[in-house]
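In the text below, chain A, chain B and the rest are named by the order of the sequence lines, each starting its count at 1.
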There are 2 protein chains.
Amino acid sequence: MGRPRGFDEAEVVRAAVVLFANRAYDGVSVDELVSHLGVHRNSLYKTFGSKRGLYLAALRWCLNEEVPTLIAEIERAEDATAAFQRLTTSMAWAGMDLLLLAAVERAPVDREVALEVKRALNSLDEAVQRRRGSGQAAEIMRSPLGFTATLLGLRLRVRAAVLTAESGAPTLRHGPHPS
Amino acid sequence: MGRPRGFDEAEVVRAAVVLFANRAYDGVSVDELVSHLGVHRNSLYKTFGSKRGLYLAALRWCLNEEVPTLIAEIERAEDATAAFQRLTTSMAWAGMDLLLLAAVERAPVDREVALEVKRALNSLDEAVQRRRGSGQAAEIMRSPLGFTATLLGLRLRVRAAVLTAESGAPTLRHGPHPS
DNA sequence: GAGATTTAGGAACGATTGTTCTTGGCTGGT
DNA sequence: ACCAGCCAAGAACAATCGTTCCTAAATCTC
């Protein structure tokens with residue numbers, strides 16, 4: 001039995017979600033992680049193996065804990081407009097921002113991240129599928145802003161799927177090629 | 001009159017668009033830029049001032065040259081579905097990917113990038129506004145995939161607008177706070 | 001042919017990066 | 001009280017980073 005930890009792993013992971021949701025992966029240094037998470041760098045490497053290991057833990061936590069919350073919001077919203085409103089304005093959705101960042105900047109170059117992002121997006125798609133009324137496009141989707149958002153969102157998904165694309169995979173093909 | 005240049009500035013900028021469209025800003029090193037663009041590091045700094053200066057030049061070029069092409073595609077598409085299909089699958093749209101990456105990872109932390117992204121998104125919105133029929137949502141927008149894409153796209157815009165948001169600004173508020 | 005000026009082609013610089021190592025502290029068991 | 005084992009608290013390491021500096025080459029003008 002050794003010295004007791006001065007940190008809680010789950011709490012460290014949750015704090016990491018917030019940091020990684022706010023800035024790009026390379027924009028968050030290990031020094032910063034150590035400062036903000038209350039875990040020493042040695043312990044960070046012992047617990048998560050690497051900076052990338054912590055990132056994956058944070059991403060998985062948010063996909064396991066916050067995506068279901070997102071899904072619950074979608075399922076309970078009276079219509080799509082209300083769902084969009086609530087899901088795109090809340091400060092609490094660090095998980096969604098992490099998903100967004102992971103999809104755009106990490107998934108095209110990290111297959112493990114790509115698989116997690118794919119899993120999360122598929123879960124969201126299935127929740128929307130289950131919910132009646134989503135076939136009825138929200139008012140915002142008929143607006144120019146909604147059109148542009150959809151366009152960017154579709155392109156984001158194409159890029160995020162580059163490393164995990166396979167025959168019969170849904171939606172559109174092409175995107176940046178891995179180097 | 002001195003030694004003649006061995007590079008063409010416009011060509012360097014175009015090549016930079018491709019590099020920055022494929023990987024995150026910090027994922028592209030100056031060494032890589034020098035290798036791929038055919039311009040020496042000294043000349044890069046003389047011409048663009050910094051790595052960020054080159055990035056802004058690339059972003060502006062793509063917003064000036066490729067966004068109008070995008071707009072032309074939107075205007076000429078027979079319907080929204082065709083527009084989505086063409087605009088999210090083409091390998092040629094490095095400009096769109098650069099806009100996507102700039103919106104997600106640079107705009108929240110760089111006001112000049114945020115202003116360029118805002119300008120481009122507003123131009124796209126206006127093109128869609130001018131085009132009749134966009135009020136009629138594309139089939140894909142009624143699908144779960146389209147819903148999720150729209151959700152991510154809306155969130156992306158909120159985050160991108162953080163540094164440029166003002167009273168009366170359109171759409172949703174909130175996003176990551178600048179540090 | 002010499003001089004001025006600009007660019008090519010690196011090397012060098014100071015800072016930062018992610019990761020590993022070293023030393024001391026803290027706990028429970030004996 | 002001592003020992004084993006784990007964590008805290010840095011320091012150290014090697015590599016990479018963006019930017020500046022230095023030397024040589026290439027051109028035009030005189």
Side-chain angles (χ1 to χ4, degrees), chain A residues 1-59 98 101-102 105-106 109-113 179, chain B residues 1-59 98 101-102 105-106 109-113 179:
Chain A
M1 175 46 122
R3 178 168 170 165
R5 284 178 166 180
F7 66 93
D8 173 47
E9 187 175 330
E11 203 171 300
V12 164
V13 168
R14 272 197 297 276
V17 167
V18 176
L19 281 185
F20 284 127
N22 269 286
R23 267 180 291 115
Y25 179 78
D26 286 317
V28 180
S29 67
V30 173
D31 270 356
E32 223 161 340
L33 289 166
V34 161
S35 299
H36 282 84
L37 306 193
V39 57
H40 192 266
R41 82 179 63 248
N42 195 10
S43 305
L44 190 154
Y45 283 90
K46 278 290 181 54
T47 309
F48 302 102
S50 64
K51 178 185 174 185
R52 177 178 173 269
L54 172 60
Y55 184 83
L56 280 171
L59 183 59
L98 180 49
L101 278 165
E105 51 138 0
R106 295 310 297 163
V109 296
D110 187 324
R111 195 178 148 82
E112 253 183 287
V113 170
S179 296
Chain B
M1 175 48 121
R3 180 169 169 165
R5 282 180 169 181
F7 68 92
D8 172 48
E9 188 174 331
E11 202 171 300
V12 164
V13 169
R14 270 197 296 277
V17 167
V18 176
L19 281 184
F20 283 128
N22 268 286
R23 267 180 291 114
Y25 179 78
D26 288 316
V28 179
S29 66
V30 173
D31 270 354
E32 223 162 339
L33 288 167
V34 161
S35 300
H36 283 83
L37 308 192
V39 58
H40 192 267
R41 82 179 64 248
N42 196 8
S43 304
L44 190 153
Y45 283 91
K46 276 296 179 53
T47 310
F48 301 102
S50 65
K51 180 186 175 186
R52 176 177 174 269
L54 172 61
Y55 184 84
L56 280 170
L59 183 59
L98 180 48
L101 277 166
E105 53 138 357
R106 296 308 299 164
V109 296
D110 188 324
R111 196 178 147 84
E112 252 183 285
V113 170
S179 296

Table please: side-chain donor-acceptor pairs of residues 8-17 of chain B below 3.5 Å, with sequence neighbours left out.
residue: B:D8; atom: OD2; partner: B:E11; partner atom: N; Å: 3.2

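- Of the listed nucleotides (C:dT7, C:dT27, D:dC7), C:dT27 has the atom at the smallest distance from the side chain of A:P4.
- With sequence neighbours excluded, the residues satisfying salt bridge (Lys or Arg N to Asp or Glu O under 4.0 Å) with B:E112 are B:R52, B:R60.
- Note: CZ (B:R5) to P (C:dT5) measures 18 Å, nearest angstrom.
- For B:V28, the side-chain contact (heavy atoms from CB on, under 4.5 Å) partners at least two apart in sequence or on another chain are B:L19, B:F20, B:R23, B:L33.
- Atom pair B:H40:NE2 and D:dA25:P shows a separation of 15 Å (rounding to whole Å applied).
- The separation between B:L44 atom CG and C:dA8 atom P is 11 Å, rounded to whole Å.
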Dump the pairs, protein N or O against N or O of nucleotides 15-19 of chain D, anything under 3.5 Å, distances to one decimal.
residue: D:dG18; atom: OP1; partner: B:K51; partner atom: NZ; Å: 2.6
residue: D:dG18; atom: OP2; partner: B:V30; partner atom: N; Å: 2.8
residue: D:dT19; atom: OP2; partner: B:Y45; partner atom: OH; Å: 2.9
residue: D:dT19; atom: OP2; partner: B:K51; partner atom: N; Å: 2.9
residue: D:dT19; atom: O4; partner: B:R41; partner atom: NH1; Å: 3.4

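- With rounding to the nearest 0.5 angstrom, the CG atom of B:L98 is 11.5 Å from the CZ atom of B:R106.
- Contact detail for A:A24 and B:E105: the closest heavy-atom pair is CB-OE1, 4.1 Å.
- Distance from the side chain of B:F7 is smallest for C:dA8 among the nucleotides D:dA9, D:dC7, C:dA8.
- In this structure, A:L59 and A:A102 approach most closely via the heavy-atom pair CD1-CB, 3.9 Å.
- If you take CG of A:D8 and P of D:dA8, they are 12 Å apart, rounded to a whole angstrom.
- In terms of polar N and O atoms assigned as donor or acceptor, the side chain of B:N42 comes within less than 3.5 Å of the base of C:dG9 in a complementary pairing.
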Between the protein and nucleotides 1-4 of chain C, which nitrogen or oxygen pairs are less than 3.5 angstrom apart?
none

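- Put simply, A:R3 has no side-chain N or O that comes within less than 4.0 Å of OP1 or OP2 on C:dG25.
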Can you give the donor-acceptor pairs under 3.5 Å from side chains of residues 40-47 of chain A to other protein atoms, not counting sequence neighbours?
residue: A:H40; atom: ND1; partner: A:N42; partner atom: N; Å: 3.1
residue: A:R41; atom: NH1; partner: A:D31; partner atom: OD1; Å: 3.3
residue: A:R41; atom: NH2; partner: A:D31; partner atom: OD1; Å: 2.6
residue: A:T47; atom: OG1; partner: A:S43; partner atom: O; Å: 2.7

